[in-house]
Amino acid sequence: MNSRKAELRLAAQFEDAIARGACLAPAMQRDYQLLKRRMNQKKVVEPRPGVFAPVDCWNKLGDRQRYLHVLRSMAAKHPDWVFCSFSAAVIQGLAVSKKQLRAIHIASPANHCGEAPTGVVRYRPSQLSVVTINGLKTTPEVETVFCCAARGGFSEGLIVADSFLRNNNMDSRQLYTQFLCIGKTDPAKHVRSELLATPTKDQRTVGNRKRAP
């Protein structure tokens, strides 16, 4: 009887998680143990420690959807988390490479203590600004782009920056100005100048058309 109740409880929790586009992060140890047994039966997967999804649902998701499911479940489990860098970029609808759909990036106040969980990269910016997008806390979009460009390297940062510029119909010089507006006194020290000077795909297309005979 108790086993039947537990199964019904988990079924209801999975239904709620799926409706929210999230994985299930069980609050009770007995549910966690039951889900672990289901893993052995190949009925559920554990994409991150402590979060689960039904195998049939998980297999239908693309890489970006899977990542967002995990982020939503971690946000429910840690409501104080503020996503930044590439995690924030995904939430904000910006393009990222597949390799960035692995670690979870969060920002904490500079005086925050404590180790980040496995698979989580924690940043401690001197000033932390927060916006909420579809219930998830993130750094503002321009700060997100700056963080990706400054920490992700040229090619990874360019993917995010290019996506941001196209979404906002801006060029790299305008982005540089946006960096200055948020207090990045000398962006070129932190973001490779080639990235800021690189035209977007749309700009390259326009330029090629102008040069065509």
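Both backbone and side-chain heavy atoms feed into the values below; hydrogens, waters and symmetry mates do not.
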Practice task
Might you confirm whether atom CG of Asn40 has over 12 heavy atoms from other residues, nucleotides or ligands at distances under 6.0 Å?
Solution key: yes
Exercise for the section: Please tell me if the side chains of Asn59 and Arg66 come closer than 4.5 Å, counting only heavy atoms from C-beta onward. Expected result: yes
Handout entry: Trace of the side-chain contact (heavy atoms from CB on, under 4.5 Å) decision for Asp56 with Lys43
Key = CA-CA 8 Å; Asp56 56 343; Lys43 293 181 178 179; over 6 Å; no
Exercise for the section: Let me see the working for Lys36 and Glu46 under salt bridge (charged side-chain N to carboxylate O under 4.0 Å, His left out), right down to the final yes or no. Expected result: CA-CA 8 Å; Lys36 280 292 191 180; Glu46 187 181 16; 2.5 Å; yes
Exercise for the section: Find out if a path of hydrophobic residues (ILVMFWY) with successive side-chain heavy-atom gaps under 4.5 Å connects Val51 to Leu61. Expected result: yes
Handout entry: Check: Phe52 ring centroid to Tyr32 ring centroid under 6.0 Å
Key = yes
Handout entry: For Ser73, all residues meeting side-chain hydrogen bond (donor to acceptor under 3.5 Å, both in side chains), sequence neighbours excluded
Key = none
Handout entry: Separation between NE2 of His78 and NZ of Lys137, rounded to the nearest 0.5 Å
Key = 13.0 Å
Problem - Short side-chain to backbone donor-acceptor contact, Ser163 and Leu94, under 3.5 Å - result: no
Problem - Same apolar cluster (I L V M F W Y, side chains within < 4.5 Å links), Ile133/Leu68 - result: yes
Fill in the blank from the handout: With sequence neighbours left out, the residues meeting salt bridge (charged side-chain N to carboxylate O under 4.0 Å, His left out) with Arg72 are none
Handout entry: Working for side-chain contact (heavy atoms from CB on, under 4.5 Å), residues Tyr67 and Ser87
Key = CA-CA 9 Å; Tyr67 188 71; Ser87 296; 2.5 Å; yes
Practice task
Using a strict cut-off of less than 4.0 Å between a Lys/Arg side-chain nitrogen and an Asp/Glu carboxylate oxygen, indicate whether Asp162 and Arg166 qualify as a salt bridge.
Solution key: yes
Handout entry: Side-chain heavy-atom pair Ile106, Val121 within 4.5 angstrom cut-off
Key = no
Practice task
Could you walk me through whether Arg122 and Ser108 pass side chain to side chain donor-acceptor pair (under 3.5 Å), step by step?
Solution key: CA-CA 7 Å; Arg122 188 189 298 276; Ser108 300; 2.6 Å; yes
Problem - pair Phe83-Thr139: side-chain heavy atoms closer than 4.5 Å - result: no
Exercise for the section: Could you tell me the separation between the CD atom of Glu143 and the CD atom of Gln178, rounded to the nearest 0.5 Å? Expected result: 11.5 Å
Exercise for the section: State, with a plain yes or no, whether a side-chain heavy atom of Glu156 is found less than 4.5 Å away from one of Lys99. Expected result: yes
Practice task
Please report the C-alpha distance between Met39 and Val45 in whole Å, then the side-chain angles of each, then the deciding distance to 0.1 Å, and finally whether the side-chain contact (heavy atoms from CB on, under 4.5 Å) criterion is met.
Solution key: CA-CA 6 Å; Met39 280 186 63; Val45 294; over 6 Å; no
Exercise for the section: Go through the steps to decide whether Leu24 and Leu35 satisfy the test side-chain contact (heavy atoms from CB on, under 4.5 Å), and finish with yes or no. Expected result: CA-CA 10 Å; Leu24 173 59; Leu35 287 166; 4.1 Å; yes
Exercise for the section: May I ask you to check whether Tyr123 and His105 place their ring centres under 6.0 Å from each other? Expected result: yes
Practice task
Answer with yes or no whether the hydrophobic clustering places Phe14 together with Leu34; edges join I, L, V, M, F, W, Y residues whose side-chain heavy atoms lie under 4.5 Å apart.
Solution key: yes
Problem - Verify same cluster id: Met74, Met28 (apolar side-chain graph, 4.5 Å) - result: no
Handout entry: Closest non-hydrogen atom pair, Ala53 against Cys23
Key = CB-SG, 4.2 Å
Practice task
Please tell me if the side chains of Phe179 and Val145 come closer than 4.5 Å, counting only heavy atoms from C-beta onward.
Solution key: yes
Practice task
Please confirm whether the backbone N or O of Asp171 pairs with a side-chain atom of Gln174, one donor and one acceptor, at under 3.5 Å?
Solution key: yes
Problem - Atom CD of Glu15: over 12 foreign heavy atoms under 6.0 Å - result: no
Exercise for the section: Please check if the side chain of Gln65 supplies one atom and the backbone of Gly62 the other of a donor-acceptor pair under 3.5 Å. Expected result: yes
Practice task
Would you indicate whether Asn169, at its atom CG, is surrounded by more than 12 heavy atoms from other residues, nucleotides or ligands within a distance under 6.0 Å?
Solution key: no
